[in-house]
Structures are given as structure tokens and as C-alpha cells.
Amino acid sequence: MCSLQESMDYQFNHIEAKWRQIWQERQTYKITEDGSKPKYYVLDMFPYPSGAGLHVGHPLGYIASDIYSRYKRLQGFNVLHPMGYDSFGLPAEQYAIQTGQHPAITTKENIARYRQQLDLMGFSYDWSREVRTSEPSYYKWTQWIFKQLFDAYYDLKSNKAERISQLVAAFEQAGNQHIEAVTDCTEQFDAATWNSKDAQAKEEILQQYRLAYLAESWVNWCPALGTVLANDEIVNGVSERGGHPVEQKRMMQWSMRIKAYADRLLEGLDRIDWTDALKEQQRNWIGKSKGASVRFQVKDHDAEIEVFTTRPDTIFGVSFMVLAPEHPLVPQITAEGHAEAVKQYQQEAALKTERDRQADVKNISGQFTGAYAVHPFTGAAIPIWIGDYVLASYGTGAVMAVPCGDQRDYDFAKHFDLAIPNIFKDQDISEAAYAEKDALIANSDFLNGLPAKKAMETAIAEIEKRGLGFGKTNFRLRDAVFSRQRYWGEPFPVYYQDGLPHLVPDEQLPVTLPEVDKYLPTEDGEPPLARAAKEAWSCQLGERMEFNTMPGWAGSSWYFLRYMDPQNDDFFVSPEKVAYWQNVDLYIGGSEHATGHLLYARFWTKFLHDLGYLPFDEPFAKLINQGMILGKSAIAYIGPDQKMYSFDCLPKDQNGFREVRILIDLINDDESIQLEALQQWQPQYENLEFVKNDAGKIIVKREVDKMSKRWYNVVTPDDLCERYGADTLRMYEMFLGPLEQSKPWDTKGITGVHGFLKKYWRLFHQNGTFEVSEGEASPAALKTLHKTIKKLRDDLERFSFNTGVSSFMICVNELTDQKCNNRHILEQLTILMAPYAPHICEEIWSQLQPQSPTIFNESYPELNEAYLTESSFSYPVSFNGKMRMKVELPLNLSPAEIEAAVMALPDAQKWLEGKTPKKVIIVPGKIVNIVL
RNA sequence: GCGGAUGUGGUGAAAUUGGUAGACACGCCAGACUUAGGAUCUGGUGCCGAGAGGUGUGCGGGUUCGAGUCCCUCCAUCCGCACCA
């Protein structure tokens, strides 16, 4: 039996468990296509289920999207709000390498834990639509899409992807002379030549057109580990695991011809509602630049160096050339006497990552090859250098150096004492290069006296006229490498016959991941799948199967489509379902995906649209990036005497002190350490001595870090749900600050939100029972309610969830002050709040309307402005812009009347100090400013 | 290095269009109530000052009757940079 007191309390644990069960039983969140309602698609970036489980930062975006989903549902939309798992990836594989546990088992366990944690939060996901990228029923279609990409090329006439069979037919008819396509192929051939080629030669040509193709790419190769590494796995030039040297190496890899879509990926940004910051990041990533491709003859060699330049107007300023150390011409042109030094430099450069090479501008390095190029206009001999600031993967891997106009070239020239001819009229280049484009060109023959823009046009025209090159648009965007030498990823639907890649037929999809004895590369450096016995493969065709697997972004590039039709075994998504749901209306996730997932998903969507499978070509109409929730690490200090010092007792000289991070669960509210718990926590603290402060405590310093197990600063949602309830946690996470902003987590503030929910609960529980009054609501209560309706509508419209929560607080505070207990007011408030705090509102609703199965079938309250009209306004009166006093005046006064009323005030005379105002600014309904 | 973002009380923040800076909370101070609670309620709280008042949105400058908001310079911090997801 509950006592009167207990039944009146807000028993969140009981309420939340009860409603989670009822929602599940009643399938409250299961939705089906319903043509009678408008659709709305709200999507979260699905998580990679890591072993660490969820911390409080993960649900932030999910809470926001859940609130919005429920809001749209209350507004009458049929809302698709699904969740799934990006379940292929490196961590599970690395765990497998360490423990031998199959990544599928690890993944399954992690997903179970994620699900448990997600369920605690009361999200309205339709779990019947869950997808997992590592399930064969899912990756069957990832493989199928790969097949489509392999079987397609990009036609520049239709400006879309077309079937490769169409291209082959054209080749057979007329060769490639009249084909306009995105290709790496420079060879021109006619029909006869094409038809006379053997299968291998034909395929080599076709690989240069396919959207998924095999080509050599640069990779980070670690010989000791026998594997390719991500930049992430390389620290200071050596492998993170084991500290082995890493080198740059060319390897045959699958690639995606995303460059074909560069222009459309740019153009599409203008049609979608993303933040300017994110669009700008994608624009910069794609990096469209206009300029010219120019060929320089190498002196005394039968060779040409092709460069791309954005500044053809500065061509007369070229005083040397720099090739990437890996440039294929280097061995050919290097002069005797320089070969040794060049070779050594190449080896050094191979040990640096691209990023290190770009970031390191202080250490200028390079080698002279001993070769010279011929300036195409002046005929001057210009020295050819190699330097690691030139990247092999960008442009042509070579630059024409214009030291007077580019700072890196300038620094290089200064360092190696190369000529710096000045081609800018009246510009001083004695200290630095002049990189602006607003000087007139000088010392440049036919370009003399021209402004930059005109000079560029003229230079390009002349370059083209003399057959030295052509005007060209270049992209920074590179084709995406699509092979991974890993185990835990999608196998390719590819086998090899006579050395040529062939596609596995549709009826044999999926090619399931074969079992292997170890999750490591083979001894001769083949990927892990090469370890699989022939019979371990679900199909075995040709001489061998493809041993690479696909990258993490393969599965995540189309998952949002699969939610529409997750069980379909005949197609990746049925045309009817995709026609109903269309693209994602609201997508919420982290900005770290700006140039990865978000670009690839747009690429695949455009591709599938080109083939006629999708009615839209932009996947995510609106996108919001939630900020990261950071952890507050607890830092303690251990002195050279091996004692732990309280932070407020540190000596001035901290030489020999080291910082250690302490598990934040062991820290009290006053920032002191629970010393007994500390000594039990880790053996290293067992017999530690302390230098305590006057209060006998060891105080820690707090520092903001990424929330991570590694820093012992993780706060999990589970514990907070247990102590305060999911509704409190949901509202508190929203209350923390703007969704997009990064912010440190501090559990302390949660009591404020918890107290608010209790106060809301008390509105209904006055005398030990649930009770609301019937009848008319007071004007004050109606005003409070409609003010809240208006504020919430505006806040949701601009996704300002934090101010939404504070509006509820203000509303409940006011209703409490008014002693409002009116059914109409409280019902409306409960519906308003239900998206934020679904459990408590559902519970209250079941008391208010016992026959209603769920509050989420109600309709959202409508605003009636009539309750908000004001007749007067409290004008702030400023003198010289400083607010001095306030005066309550009717709103219907004219400016002149306002001025008269203000001047008549005794306080006004005081501030006027006997002066006559120079000017009086009156903004009706806003402010009065008197200028003295 | 390149690209993107952010700087407001002791803390998280608000100020949506150039118009009362600090809403709403946390914390803190004072008080009430109590069979002492992780309970509830009341008042106060940017800083300096006894007060009048002064001052205040990272620094410095500018535009304006009026700037957290617009412009310029600088500083600091965070995120991304192509095989982490």
C-alpha cells in the first residue's frame, strides 16, 4: 500500500518503466505508409556500436530528433523516425585481433548494450525498421549498389551516370572519339582499334571510365605490421600500435569516381538547408578552382612536365619548378651527380604523412634534380627541384613556382637562394610574396600593364594558341579509395578471372564474409580475407575472390533508404516506399562527418537517382550538427616525492610533478577525492601518501577533455536515468545550451530540471490526490499558456530546444504562482511538453483522459494571439544610450505624445540637467533615447 | 599549413530584426519549515562602491542617437584534413 504522501510524489522510475512497456505493447511508435497524412522523415546519424557503450554525449542529438519527431506527429504528420547501427568497423576487428573473438559476436553484444541504453531514454523509434550494416540481408544491397557503380560511367552530354553497356556499344560503333565522359583515359581510338583489342585491353580501358574502378593509389604502408594504416593510426610518423615505421606506397585499390559528381555536389548545396559553415566545408573540400594546365619541356630530355596553375597571369614570374618527390618523371630527369641526394630525399619524404608535409612550413626542404625546364614563353632554363610541400595526389603533382606571388614558393626560393623575379607593378616583395590579385602585371611581355583577371584570360588564350596547354577547372576533391585491407567490412561482389575483375551475379548475392583463422593480413601482405579457405566463401568464382573489403562509409552511404523498406529481399528499397517517404526532412548528427559520410551519401544518392531508382538527388533536405558534449576530467598531482598533492597545496615550483587523471566517480561535489575509493581503484594508488589541504582533503583540478574512457571522465545516461529519470535527463540535455554548440558536461545542474518536473507534477497533485478543476480558465492563465505556445512554436521552428525548456519552466512557475489548476490549461501544457518529457506527460494524460490510448494521438495546441494583446508597455528611457528609468505608457500613443509624457516626468528633469535635448529618438513599443 | 567554428557573471546560458545585457537554471548568501531531506518554500546575488553612482559581452579600433549583435585588426580555445566512425 502506498501512503498518501507517496502516491503524491513523482515516482519517475515506476512511471517510466510502465510507459515504456505500454508503448511497446501498444506499438505506439510503429508506423506504416499512410497516403492520407503528409510524411515527415526525421533521421539520426546511426551510431557505431562501440564497446564502451553510450555516454551522455551520444543521446544529445537523438533527444533533439525525438522531440522534433513527436512534435511533428502531434501536428498530424506521419513521421518516419528509425534507428540502426553502423556495425562494420575497425574497433571490433582490433578487439578480434587481440582476443580472437569474432567481430560479429562483439558487435552483437555491443548492439544489445546500446539498445538497452537507448530504450531507457524513451525514444520513439520504430524498431521494426532497424538496420545493421553488417547483416548480410543489408550488405547484399551495398554489394548490389557497388555493382551498379562498376557497371556505370559518367556521361558529360547527359550530365549523369549511364550504363557501361551503352559506352561499350558506342566504342564498337565509333571508338571513343565522340564520347564525352569523365575518364582517366587519354588514348584516342576508333571502332576498329577497339574491336581488335583483346578482353584484357578492353577492360583496362573500361576501368578508366567505370565509376567504381581499380587503380593504383597512395597508401600508408606499415611493413612491420604488413598492413595499410589510416592517418589516424599513425602518430609522429610511426604506427600507433607498436611504433613501427610507416611509408607511402602505391597499391592497386578500388576507387570511386566521385570527381565526376564534383560540380553537381557543389550545385546541390544551393538547394539544401544546411548551415553555411557546413556547406562551406564541403565547397572547400571539393575545391573548385579555375586556371590553366601548362606543359613545360624538360631541357635535353624527351619529357614534359604538366602543371596546373590558378595563376596563369604570373607565368613570367616562374623561376623554378617543384615536383612532388614521388613524381614519376623524377628518376628519368635527375642528372648524374644528383641521383644519390634525390633518392635519399625521396626516401625521407616517403616516411612523412601528407598532413605532416603540409603542416610543416618551418622546415623547408627540397633537392635539386640537376635538370632544367624550358620556360614556354621566354625560353629560359629554369631549375627543376623536388620538394615535399608539393603533393603527388593533388593536381599533377608538380607546380610552376612563382616566388613573387606565392608564399610557399617564396620561402622555398629564399631558402635555396633561387631567383625571385618581380612581375607586379609597384609591389615590394623584399619581405614576402605578394599573393593578392589586385596589382598590375609587369616584366611579363604581352601581359604588361594588365590587371590580374584580364592577364589570366590573355595568358590562357596565348597558352592555348601556342599549344602549350589549355584553360582548365581543377578540383581538390580526389576520387575516393574504396578498398580496405581489413576483415570486418563488406566483401566485394567481385572475383578475378585471367587477372580481370568480374562481378558476382545478382543471384549469388550477398557474398558473405568468410570465416578466417586470424583477423590479420597474411604473411605476404594480402588482406585477411586471403586467409579464408575456398569452402569458407558463400560463392567461389574464377581464380579467386576479391580479398579487400569495403570502407566504413559504404554501408552508411545509403542506410537512410533502407529504413523505408528494411525487410525487402527483392530490392534495396521499393519504388512505392521511396516515392512515399522521399528524402530525409531533418537529419541530425555530428559535423565531423562534413567531408566524409555527408559527401559520400550525397554522391550515392545522385548516382542512384541517375539510374532512375530514386525520385530525389539530395538525401538530406535539412541538416543540423549537434555539438559535442565534453567531459570534465579530474586531475591530481603527484610530486617527485611520489606523494599526491591537493591542488590548493601545490608548491610554486612544480618541477618533477606529473598529472594523473582520476576516475570522476571518485570525486565529491567539493572537488575532493574519495581517498579510500581511490586506493582501491588502481594498484598504483594503493600505498600512496597524500599532502592534504587544511580541510584534510585532496582537491583535484578540473579540465575539459573529450568524454572518453581514456580520461576517466565518462558520465553514462544509465545512472542518471536511475537517479532522476529519463524525462529529467532528456530535458536537462536540451537545457544545457544550443544544440549545435559544444559544451562541457556538469551533472550538478540536473537538479534544477528535476525540480521543475516535480513542480509540474505538483500542479496536478495538490491534496494528496490527482485533481484538476473544470470550468473557465483565468485570463492570466490563458495568457501564460498562449505565451508558452507561441514561444515553443518559435523555438521548435529554429531548433532552439534549450530556450524551449526554459519556457516550460517559466510557464510552470507562473501557473504555480497563479495557483492554476484548470483542466484546459493543464491539458494543453501537457501536450506541449509531451515531446520533451514523454513519460511524465503520458502518465498525466492517462489521468486527465483515461480513455485515450496515448497522448501522441492528440493534436498540438493552437496559438490564439487574442490572449496576448497588451495595452501598455514599460518604456525604457535612455539618456545618451544609457538606460536611466522606465515608464509605463499606453501602446497607442504617438511618438510626440510619448515624448511629452517622458519629458513631464520629474526624473527626466534630473537627467536632463537643465539641458535641452539635441535629439529624441522614439521607437514605439521599444525604446526612448534622449540625446543631450 | 589549409578549412570550419566559438569567446557574455563563480558555472551552463538568454537576448530571434541594431533598441532595457545576464531571462531560465546551477552555485553561493540569508531566512522559514521541520521526526535532518539528494525535501519544500521566501528573499538576495555581474563587478567596484556605504551610497549617489560608476563600470561591464576575449583585446584594440570604427560605424550609429543606440553595438553582445554590423565593419576592421589582433588574441585564445575547439573541430576536420581523405583507411576512426
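It should be emphasised that the depicted structure is a prediction, and the values quoted were computed from it without experimental measurement. Lettering of chains follows the sequences in order, A, B, ..., and the numbering in each one begins at 1.
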May I ask you to evaluate whether [X] reaches the phosphate of [N], defined as a side-chain N or O under 4.0 Å from OP1 or OP2?
{"X": "A:R762", "N": "B:rC41", "value": "yes"}
{"X": "A:N813", "N": "B:rA25", "value": "yes"}
{"X": "A:K758", "N": "B:rU40", "value": "yes"}
{"X": "A:Q741", "N": "B:rA13", "value": "yes"}
{"X": "A:R478", "N": "B:rC81", "value": "no"}
{"X": "A:R798", "N": "B:rA15", "value": "yes"}
{"X": "A:N802", "N": "B:rG12", "value": "no"}

Under 4.0 Å between any heavy atoms, over every strand shown, what does [X] touch: base, sugar-phosphate, or nothing? Just pick one.
{"X": "A:R476", "result": "base"}
{"X": "A:T803", "result": "sugar-phosphate"}
{"X": "A:K632", "result": "nothing"}

Of the options [options], whose atoms approach the side-chain atoms of [X] most closely?
{"X": "A:K926", "options": "B:rU20, B:rG19, B:rA25", "result": "B:rG19"}
{"X": "A:D795", "options": "B:rA5, B:rU16, B:rG80", "result": "B:rU16"}
{"X": "A:K791", "options": "B:rG12, B:rU16, B:rU20", "result": "B:rU16"}

What pairs of nitrogen or oxygen atoms, one from the protein and one from nucleotides 65-71 of chain B, lie under 3.5 Å apart?
from, atom 1, to, atom 2, distance (Å)
B:rC65, O2', A:N929, ND2, 3.3
B:rC65, O2, A:N929, ND2, 2.7

Would you call A:R486 and A:E93 a salt bridge, using N to O less than 4.0 angstrom?
no

So which of A:Y95, A:Y487, A:W488 actually passes ring pair (Phe, Tyr, Trp, His ring centres under 6.0 Å) with A:Y519?
A:Y487

Determine the stems involving RNA chain B; a stem requires 3 or more consecutive pairs of the Watson-Crick or G-U wobble kind, each with both distances below 3.5 Å, and the answer is none if no such run exists.
B:1-7 with B:75-81, B:10-12 with B:24-26, B:27-32 with B:40-45, B:46-48 with B:53-55, B:60-62 with B:70-72

